[in-house]
Amino acid sequence: EALKSQLSPHYLFNCLNTISSLVYISPEQAENYIRRLVQTYQYILNTKNKKLVPLSEELDFVNAYKFLLKVKYENALKLTIDIPESIHQSMLPPLTLQMLVENAVKHNDVSDDVPLNIKICLDHNNLITVSNTKNEKKIQDTSFKIGIENIKRRYRFFTEHSVQILNAEKFSVSLPILDTK
């Protein structure tokens, strides 16, 4: 609940500012942006009382979120999703992947000179991994590390396998695959 309420006001404010700009520049893109924004909010509302959701639903949500980010950052942001269909029905806590993508954008400079590359994939250890290049902001936004701690706590509730974090040349978070039961 805290994660969802943390997402809403800041997220909505940024999206409304983007729509305001798009209305005059490209009404068609503004309409597409609004449709994707609605899709993301529908997901947030639909998962409000769910502890777990299918990976396929989370990926649809992240793709809608990706569209919103691409409008803002254009070619300065690349988000690649490479998850095999065979695990699309596995489960995960809602907003997990979006939170990790949002953290990558929040903590790194995103520019045409040094683009931010984010990848969501199934790694060689059969973990869902979200990794990103690092170009850390000179002046960091205040971070209370609530998002990643929240993800770790939620995973501890469902599995004895831990969330793995690697902060090296790239930053990555690897998530255990949860059973579909």
Side-chain angles (χ1 to χ4, degrees), residues 1-23 26 28-85 87-111 115-122 128-135 137 141 143 146-148 150-151 154-155 163 170-175:
E1 254 336 281
L3 174 63
K4 291 172 189 172
S5 65
Q6 173 190 2
L7 172 76
S8 295
H10 185 257
Y11 177 61
L12 183 58
F13 178 76
N14 286 338
C15 288
L16 291 174
N17 278 331
T18 301
I19 292 167
S20 178
S21 299
L22 286 175
V23 166
S26 173
E28 184 178 318
Q29 191 173 26
E31 182 181 345
N32 287 332
Y33 191 92
I34 291 167
R35 289 181 192 283
R36 296 297 176 107
L37 176 60
V38 167
Q39 185 181 354
T40 62
Y41 262 92
Q42 283 176 327
Y43 180 79
I44 292 166
L45 293 172
N46 290 341
T47 61
K48 182 178 182 186
N49 297 317
K50 294 182 180 180
K51 291 182 180 9
L52 294 171
V53 295
L55 176 59
S56 60
E57 290 180 19
E58 182 84 357
L59 291 173
D60 288 344
F61 171 65
V62 169
N63 275 313
Y65 184 62
K66 173 184 174 179
F67 178 87
L68 302 179
L69 290 173
K70 289 295 283 180
V71 169
K72 182 174 182 178
Y73 294 108
E74 297 176 341
N75 294 326
L77 176 79
K78 182 178 181 188
L79 173 56
T80 306
I81 299 173
D82 185 16
I83 299 287
E85 289 275 335
I87 67 162
H88 278 210
Q89 291 311 306
S90 62
M91 305 297 275
L92 76 164
L95 303 175
T96 299
L97 298 179
Q98 184 277 339
M99 162 72 65
L100 295 172
V101 170
E102 182 180 25
N103 275 353
V105 173
K106 177 181 176 185
H107 294 292
N108 290 282
D109 277 328
V110 183
S111 69
L116 178 63
N117 293 303
I118 304 170
K119 184 174 186 179
I120 301 172
C121 66
L122 185 66
I128 299 167
T129 299
V130 181
S131 62
N132 62 270
T133 54
K134 290 172 32 179
N135 183 28
K137 290 182 176 179
D141 294 334
S143 176
I146 294 170
I148 289 183
N150 181 293
I151 290 169
R154 291 191 296 162
Y155 266 86
V163 171
K170 291 184 177 185
F171 182 82
S172 67
V173 177
S174 298
L175 310 165

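A search for side-chain contact (heavy atoms from CB on, under 4.5 Å) contacts involving D60 returns nothing, not counting sequence neighbours. Remark: S174 engages T129 in a side chain to side chain donor-acceptor pair (under 3.5 Å) (not counting sequence neighbours). The ring pair (Phe, Tyr, Trp, His ring centres under 6.0 Å) search around Y33 returns none, not counting sequence neighbours.
With respect to F61, the ring-ring contact (aromatic ring centres under 6.0 Å, His included) criterion is satisfied by exactly one of Y43, Y41, F67: Y43.
Atom CG of L22 is separated from atom CD1 of I34 by 8.5 Å, given to the nearest 0.5 angstrom. One finds the NZ atom of K51 at 15.0 Å from the CG atom of L92 (value rounded to the nearest 0.5 Å).
Residue E57 comes nearest to V53 through the heavy atom pair OE1-CB, 4.2 Å, listed as atom of the first residue, atom of the second, then distance.
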Worked check of side chain to side chain contact (heavy atoms under 4.5 Å, CB included) between L68 and K72:
CA-CA 7 Å; L68 302 179; K72 182 174 182 178; over 6 Å; no

Test log, rule salt bridge (charged side-chain N to carboxylate O under 4.0 Å, His left out), inputs E74 and K70:
CA-CA 5 Å; E74 297 176 341; K70 289 295 283 180; over 6 Å; no

As a quick check of understanding, evaluate side chain to side chain contact (heavy atoms under 4.5 Å, CB included) for D82 and L122, giving each step before the final call.
CA-CA 7 Å; D82 185 16; L122 185 66; over 6 Å; no

Side chain to side chain contact (heavy atoms under 4.5 Å, CB included), that's the test. Do H88 and L59 meet it? Break it down for me.
CA-CA 9 Å; H88 278 210; L59 291 173; 3.7 Å; yes

Pair L77, I118 - check side chain to side chain contact (heavy atoms under 4.5 Å, CB included), show working.
CA-CA 8 Å; L77 176 79; I118 304 170; 3.8 Å; yes

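Remark: side-chain polar atoms of Q89 are not paired, donor with acceptor, to backbone N or O of S56 under 3.5 angstrom. Under a 3.5 Å cut-off, the side chain of R36 and the backbone N or O of E31 do not form any donor-acceptor pair. Formation of a donor-acceptor pair under 3.5 Å by the K134 side chain with backbone atoms of A104 is not found in this model. With hydrogens and angles disregarded, a donor-acceptor distance shorter than 3.5 Å links the side chain of K66 to the backbone of L79. A donor-acceptor pair under 3.5 Å is formed between the side chain of E58 and the backbone N or O of T96. The main-chain N or O of Y65 is never found under 3.5 Å from a side-chain atom of Q98 such that the two would form a donor-acceptor pair. A donor-acceptor contact shorter than 3.5 Å links the side chain of S26 to the backbone of Q29.
Between N32 and V71 there is no side-chain heavy-atom pair separated by less than 4.5 Å. Side-chain atoms of Y155 and P93, non-hydrogen and from C-beta on, do get closer than 4.5 Å to each other. Side-chain contact check for L97 versus L55: some heavy-atom pair is nearer than 4.5 Å. Using a 4.5 Å heavy-atom threshold, the side chains of L116 and K78 count as separate. Looking at heavy atoms from C-beta onward, V101 lies in side-chain contact with L69 at the 4.5 angstrom threshold.
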